[in-house]
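Each remark here refers to the structure printed beneath this line.
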Amino acid sequence: MLEVKNIKANKDAYCEALKKRNFDAKEIFDDILRLDEERRSTQVQLDEILSQSNNLSKQIGQLFKEGETEKANQLKEKTTQLKDDSKVLSQQMSEISEDLQELLYQVPNVPHDSVPAGQDEEDNVEIFKEGKVPELSKKALPHWELAKKYDLIDFELGNKITGAGFPVFKGKGARLQRALISYFLDKNTEAGYSELQVPLLVNEESGYGTGQLPDKEGQMYHVTGDDLYLIPTSEVPLTNIYRNDLLEEKKLPIQMTTYTPCFRREAGSYGAHVRGLNRLHQFDKVELVNVVKPENSYKVLDEMVEHVKGILKELKLPYRILRLCGGDLGFTSALTYDFELYSTAQERWLEISSVSNFETFQANRLKIRYKNKDKKKELVHTLNGSSLALPRVIAGLLENCQTDEGIKIPEVLVPYTGFEWIK
RNA sequence: GGAGAGAUGGCAGAGUGGUAAUGCAGCAGAUUGCUAAUCUGUCAACGCGAAAGUGUUGCCAGGGUUCGAGUCCCUGUCUCUCCGCCA
């Protein structure tokens, strides 16, 4: 959620920047500023009336004490009008605030200067590429075939237990996944992140805090019996840890990492591109969240990108980094880099990580602030990134590391898996 | 799941209808010849004001009664104790 005072100060610049997202903000900004004016003038009137009514109450109390019942009763009559007025005004006040809130929720984050204009993923800009795409033999298989051949993942079994998109990992497949989780968490804690374990179910308030609600309600599994939501990403519980907090400056930066399963309904996405591990209803992910001072956020964003690069480099997997264009940028993000792993057998790129700076957009909704040097309260910047989404890393790993003899496990993982080959 | 008790500022803790004591911590200022003491000020949100200031709101949340609610009534949430169940 954008801050009204910033919209006021930078209206034209924001409008221009939002065009990169193909979002026409002019009208909605006018409405927001108008409602903000209304809200303030209404508050002035309301405060005045309440002030009078408080004064009268005090007088009445005093008169009763002194036994001047008649005078007190006279004053009581005067409060009736004030009461009616204040009811009307406070009703107006809450309507205006609600309308204002609703409009603010509709405006996406203002893209960073470096974000290219564009319609969709076609317009994303590749900024980095690394790792050799292996030359595979004619016999190379996509990961779902490999998973079957080596009995690593059973997709049909998941259908039986739950439904499509809930695979069962088996044997070395399960072990490989566990190894990757441990490896990622170790890399993250080495880099200074503190490891947490968080709830997989969140309440409505948390959903609003990070922006999954109200827009993306249909993407989350809703546990109606207790009115809770299964997390679509651990960003939700992690970032909500600091909801409504006023942090001390010395506490920043806060760096958190966690491993959780993620649950997404993915309604309406079926077809060839969702085969195998490409798109699941339940998948594992190791996440990074940073809560930082505004002046450091872009430096931290770069560090996160370097950190994820380091992991992929060690795994020796071919990947590229994209700077997302305005049209592909998530609603809450100011700047996002996507990491894509090349899936050799499928001959396509798979998104395995997304690293974003939300600036104050989430912090404003979540009310995460800190006291700066001048003792002024200021919103923090929040950032998050995956490190990494497990199923697609496994898909790419299986496909890229396959040989005629079997699947060769990357060296750095061997201490975690306890085996070098899947044969 | 059943029964009972409770929820007040960063923390501790008073307050049963008249407008939130007090203590500790933190921060700021003053003062005293130094790891400290003492005194004063200092909660948050939203406004108004050029500023000094100043108004409103906030005692778990949401409603209600009242001229006036931390206090009374209704609903919900959470915590604690006991019982039941249980990895």
Side-chain angles (χ1 to χ4, degrees), chain A residues 1-9 32-104 197-209 213 222-229 237 240-252 254 261 291 360 363-380:
Chain A
M1 188 168 74
L2 296 176
E3 292 169 87
V4 175
K5 64 171 186 191
N6 290 340
I7 295 176
K8 205 174 196 171
I32 286 169
L33 295 178
R34 182 177 50 76
L35 281 174
D36 185 55
E37 283 299 323
E38 268 181 49
R39 199 200 85 231
R40 285 199 311 241
S41 71
T42 310
Q43 187 179 342
V44 172
Q45 295 173 51
L46 180 60
D47 282 0
E48 174 57 28
I49 284 175
L50 289 173
S51 174
Q52 284 180 30
S53 137
N54 283 344
N55 275 328
L56 281 177
S57 289
K58 274 180 204 167
Q59 287 177 40
I60 290 169
Q62 193 58 35
L63 287 172
F64 272 125
K65 253 185 198 167
E66 292 163 3
E68 309 256 20
T69 320
E70 202 173 314
K71 276 189 187 170
N73 284 328
Q74 273 174 9
L75 279 185
K76 267 199 201 177
E77 281 168 33
K78 283 175 84 175
T79 61
T80 321
Q81 182 62 39
L82 287 175
K83 249 182 131 176
D84 290 347
D85 289 351
S86 78
K87 249 184 198 155
V88 172
L89 280 171
S90 62
Q91 177 67 23
Q92 270 179 30
M93 186 75 178
S94 56
E95 274 168 24
I96 292 169
S97 304
E98 255 172 54
D99 291 351
L100 181 59
Q101 194 69 230
E102 209 169 287
L103 289 182
L104 284 168
Q197 288 196 351
V198 292
L200 308 182
L201 287 160
V202 294
N203 59 27
E204 202 180 42
E205 226 180 329
S206 295
Y208 275 99
L213 293 173
H222 188 190
V223 182
T224 50
D226 295 284
D227 204 14
L228 296 171
Y229 294 86
N240 271 286
I241 289 175
Y242 294 100
R243 168 153 48 92
N244 291 330
D245 272 8
L246 181 56
L247 301 162
E248 283 174 60
E249 189 182 10
K250 64 183 176 207
K251 270 204 167 175
L252 301 175
I254 293 167
V291 178
T360 59
N364 189 30
R365 211 184 261 207
L366 289 157
K367 295 213 167 38
I368 308 179
R369 295 157 303 152
Y370 80 107
K371 267 192 185 159
N372 67 16
K373 287 179 221 71
D374 309 324
K375 302 271 180 279
K376 285 262 169 73
K377 286 168 290 260
E378 206 181 343
L379 292 169
V380 298

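Just so it is clear: chains get the letters A, B, ... in the order the sequence lines come, proteins before strands, and each one is counted from 1. Owing to the predicted nature of the structure, the values given are computational and were not obtained by experimental measurement.
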How far apart are the closest heavy atoms of [X] and [Y], and which atoms are they?
| X | Y | value |
| --- | --- | --- |
| V291(A) | L252(A) | O-CD2, 3.6 Å |
| S86(A) | L50(A) | CB-CD2, 4.2 Å |
| Y242(A) | I368(A) | O-CG1, 3.2 Å |
| Y370(A) | L379(A) | CE2-O, 4.2 Å |
| G209(A) | R365(A) | O-CD, 3.6 Å |

[N] and [M]: how far apart are their [atom1] atoms, nearest whole angstrom?
| N | M | atom1 | answer |
| --- | --- | --- | --- |
| G10(B) | U75(B) | P | 31 Å |
| U42(B) | A21(B) | P | 12 Å |
| U71(B) | U57(B) | P | 15 Å |
| C67(B) | G29(B) | C1' | 42 Å |
| C43(B) | U22(B) | P | 13 Å |
| G76(B) | G4(B) | P | 15 Å |
| G64(B) | G53(B) | C1' | 37 Å |
| U35(B) | C46(B) | C1' | 43 Å |

Pairing nucleotide - [N], Watson-Crick or G-U, each distance under 3.5 Å:
| N | answer |
| --- | --- |
| A69(B) | none |
| A30(B) | U38(B) |
| C78(B) | G6(B) |
| U19(B) | none |
| A25(B) | none |
| U57(B) | A44(B) |
| G49(B) | none |
| A87(B) | none |

Original post:
Counting just side-chain N and O atoms, does N55(A) come under 4.0 Å of either OP1 or OP2 of U19(B)?
Top reply: no
Original post:
Does N54(A) make a side-chain N or O approach to OP1 or OP2 of U19(B) shorter than 4.0 Å?
Top reply: no
Original post:
Is there a donor-acceptor pair under 3.5 Å between the side chain of T42(A) and the backbone N or O of E38(A)?
Top reply: yes
Original post:
Would you call K87(A)-D84(A) a salt bridge at under 4.0 Å N-O?
Top reply: no
Original post:
Do K71(A) and E66(A) meet the salt-bridge criterion of a basic N to acidic O distance under 4.0 Å?
Top reply: no
What are the atom names and distances for every N/O pair under 3.5 Å that joins the protein to nucleotides 64-71 of chain B?
residue, atom, partner, partner atom, Å
C67(B), O2', S57(A), OG, 3.1
G68(B), O4', S57(A), OG, 3.3

Original post:
Using a cut-off of 4.0 Å between protein heavy atoms and nucleotide atoms, how would you tag nucleotides 44-49 of chain B 5' to 3' with B, S and -?
Top reply: SSBSS-
Between atom [atom1] in [X] and atom [atom2] in [N], what is the gap in whole Å?
| X | N | atom1 | atom2 | value |
| --- | --- | --- | --- | --- |
| E205(A) | C60(B) | CD | P | 16 Å |
| N244(A) | G10(B) | CG | C1' | 16 Å |
| Q91(A) | G63(B) | CD | C1' | 14 Å |
| L50(A) | U19(B) | CG | P | 18 Å |
| D227(A) | G76(B) | CG | C1' | 12 Å |

Original post:
Quick one: which of E77(A), E70(A), K76(A) gives a side chain to side chain contact (heavy atoms under 4.5 Å, CB included) with N73(A)?
Top reply: K76(A)
Original post:
Between the side chains of N54(A) and S51(A), does any donor sit under 3.5 Å from an acceptor?
Top reply: no
Subject >> CE on M93(A) to CZ on R39(A), rounded to 0.5 Å >> reply: 5.5 Å
